[in-house]
Amino acid sequence: MYKAPRGTSDILPAEQGYFRYIEGRASEICQRYGYERIDTPVFEDARLFIRTIGPGTDIVEKETYSFEDRSGQGMTLRPEGTAPICRAYLEHGMHNLPQPVRLYYFAAIFRYERPQKGRYRQHQQFGFEALGEGDPALDAEVIEMAWRFFKSLGLRKLSMQVNSIGCRLCRPAYLERLKGYYSQYIDRLCPECKARFRKNPLRLLDCKKPSCQGVAAGAPKSVEHLCPECREHFKSVARYLRLVKVPFKKNHRLVRGLDYYTRTVFEVQPEGEEGAQSALGGGGRYDNLIEELGGKPTPAIGFAVGMERIVLNLKEQGITPPAPERQGIFVAYVGDEAKAEAVKLAAELRRAGVLVYWSFGRKSLKAQMRQANVLGAEYAFIFGEDEVRNGTVVYRDMVEGEQWKVPVGEVVALLTQV
RNA sequence: GUGGGCGUAGCCGAGCGGUUAAGGCGCCAGGUUGUGGCCCUGGAGAUCGAGGGUUCGAAUCCCUCCGCUCACCCCA
């Protein structure tokens with residue numbers, strides 16, 4: 001038997017409600033803030049992701065699904081949403097549009113990882129990006145929008161964590177300081193942190209090991225080593241966030257896994273468990289990314305969430321998407337002549353835009369009515385020999401359990417007037 | 001990549017050396033000749049993840065593989 005590949009899953013009809021619910025809220029928020037939808041290809045030139053995400057990061061080092069197409073071009077299944085959008089921004093000359101250009105997407109994301117709760121090899125992300133504007137007010141707006149999105153889903157007990165990791169002017173000096181600080185404790189660190197020390201020093205800050213946390217607590221904070229511009233920017237973001245009443249926590253240990261982030265970074269986590277893998281979503285500024293892809297210097301900021309993680313949280317909090325109400329017509333019949341009438345009526349009703357069910361074969365009326373019930377039909381039409389003879393049909397209300405005989409010719413009018 | 005847990009019908013799940021392999025949900029049929037939702041009765045559906053071994057006998061014990069799952073790493 002074939003199975004869905006490891007780390008992937010089918011989203012069955014019974015689960016679709018959650019996803020449609022999230023998409024509905026997301027689209028609503030995007031509409032309100034003036035974002036327009038964009039869809040980009042599932043795969044891209046492999047170099048796009050190596051350049052942007054960072055050659056040393058885990059994502060490109062060991063998590064991409066990459067292949068050569070039949071002409072030998074290196075391709076990679078999209079492992080994140082931002083780079084393709086920057087590519088599209090450049091490719092289509094969007095710098096000629098009023099800035100910032102605001103785009104949102106729902107996209108499948110692929111990463112070859114060991115699956116676990118809330119972590120899959122293919123998952124669905126909702127994200128939005130605002131490109132071409134560096135005003136800290138935009139940072140605050142994006143963070144606010146992310147926050148309102150979660151609130152509109154009904155999720156509680158979330159915390160918005162915000163930090164600034166500086167820009168290419170001030171970050172190198174900060175990293176040196178950080179390494180300088182850590183170098184005196186190097187033999188106290190866990191093996192992972194020793195590797196981080198070399199590979200990605202920022203990550204040292206969010207190690208969960210108690211021993212390392214002690215060291216991290218005394219580490220220099222990025223926000224205290226920002227250049228004047230970055231410091232001013234960060235202060236403004238915080239000020240605007242207070243103006244728009246988004247509760248947030250400064251978290252100087254918040255860092256993100258992709259190399260392209262600059263200045264503002266933020267993450268939404270369930271309150272209490274501020275572990276690394278519990279993040280529902282996050283984002284940040286990437287003011288150099290478009291330039292690195294060959295465009296003019298263009299500041300930008302974005303945000304993305306994992307849909308499956310939202311579903312997980314919705315379930316944990318007992319939030320269910322609004323249940324679809326009973327709707328539709330079930331057409332039942334007894335006997336072959338009645339079946340012919342039923343087929344005709346079903347087609348006619350569908351042409352009139354009505355949801356119609358009926359059952360095949362020669363099931364008993366009882367069996368048909370059972371189906372009508374399980375399918376959630378609101379009304380049933382029943383054809384028997386008598387009805388066929390005198391041109392009527394039984395019209396049954398499945399909720400109230402009442403029924404009437406009506407002339408077949410009046411059925412469509414009867415339904416479309418309601 | 002590392003470590004832990006688990007694999008019995010579509011789903012949940014009992015059984016833990018000798019049973020016709022429970023039970024529940026769901027599905028199908030019937031309970032008056034043309035009517036659902038509750039109830040009752042019956043039925044279909046399982047090479048007990050796969051392969052090997054131990055044993056008179058294995059779903060039950062051992063080994064190998066495969067798969068799932070959780071945690072770490074990392075990320076959404």
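Just so it is clear: chains get the letters A, B, ... in the order the sequence lines come, proteins before strands, and each one is counted from 1. What's counted below: heavy atoms across the whole structure, side chains too, no hydrogens, waters or symmetry copies.
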Pairwise C1' distance, B/rA50 and B/rA14 [rounded to whole Å]: 24 Å
Ring centers of A/Phe266, A/Phe303 separated by less than 6.0 Å: yes
Touch class at under 4.0 angstrom, heavy-atom based, for A/Phe126 against every strand present: nothing
P-based separation of B/rC6 from B/rG23 [nearest Å]: 26 Å
Touch class at under 4.0 angstrom, heavy-atom based, for A/Arg326 against every strand present: base
Pairing residues for A/Lys151 by the side chain to side chain contact (heavy atoms under 4.5 Å, CB included) criterion, not counting sequence neighbours: A/Trp147
Touch class at under 4.0 angstrom, heavy-atom based, for A/Leu365 against every strand present: base
Pairwise C1' distance, B/rC12 and B/rG3 [rounded to whole Å]: 29 Å
Sugar-phosphate only, base, or nothing, as touched by A/Arg396 at under 4.0 Å among non-hydrogen atoms: base
Identified stems (criterion: three or more consecutive Watson-Crick or G-U pairs, under 3.5 Å), RNA chain B: B:1-7 with B:66-72, B:10-12 with B:23-25, B:27-31 with B:39-43, B:49-53 with B:61-65
Spacing of the P atoms in B/rU32 and B/rC25 (rounded, Å): 22 Å
A/Phe128 and A/Tyr35 aromatic centres sub-6.0 Å: yes
Given RNA chain B, 5'-ward residue of the pair A/Gln125 and A/Ser364, judged by closest heavy atom: A/Ser364
Touch class at under 4.0 angstrom, heavy-atom based, for A/Ile109 against every strand present: nothing
Listed partners of A/Tyr112 passing side-chain hydrogen bond (donor to acceptor under 3.5 Å, both in side chains), at least two apart: none
Residues that A/Phe150 engages under ring-ring contact (aromatic ring centres under 6.0 Å, His included), provided they are two or more places apart: none
Gap in Å between the two P atoms, one belonging to B/rA22 and one to B/rG30, rounded: 26 Å
B/rA59 and B/rA21, which share atom name P, separated by this distance in whole Å: 9 Å
Sugar-phosphate only, base, or nothing, as touched by A/Val268 at under 4.0 Å among non-hydrogen atoms: nothing
Distance below 4.0 Å between A/Arg256 side-chain N/O and B/rA76 OP1 or OP2: yes
Between B/rC16 and B/rU8 - C1' atom distance, rounded Å: 12 Å
Check: residues 343-355 of chain A side-chain donor-acceptor pairs under 3.5 Å, at least two apart:
| from | atom 1 | to | atom 2 | distance (Å) |
| --- | --- | --- | --- | --- |
| A/Lys344 | NZ | A/Glu341 | OE2 | 3.4 |
| A/Arg350 | NH2 | A/Val356 | O | 2.8 |

Sugar-phosphate only, base, or nothing, as touched by A/Gln368 at under 4.0 Å among non-hydrogen atoms: nothing
Sugar-phosphate, base or nothing in reach of A/Gly401, heavy atoms under 4.0 Å: base
Distance, C1' atom - from B/rG26 to B/rA76, rounded to whole angstrom: 34 Å
Pair up each side-chain donor or acceptor in residues 325-340 of chain A with any protein partner under 3.5 Å, not counting sequence neighbours, and list the distances.
| from | atom 1 | to | atom 2 | distance (Å) |
| --- | --- | --- | --- | --- |
| A/Arg326 | NE | A/Ala377 | O | 3.1 |
| A/Tyr333 | OH | A/Ser359 | O | 2.7 |
| A/Tyr333 | OH | A/Gly361 | O | 2.9 |

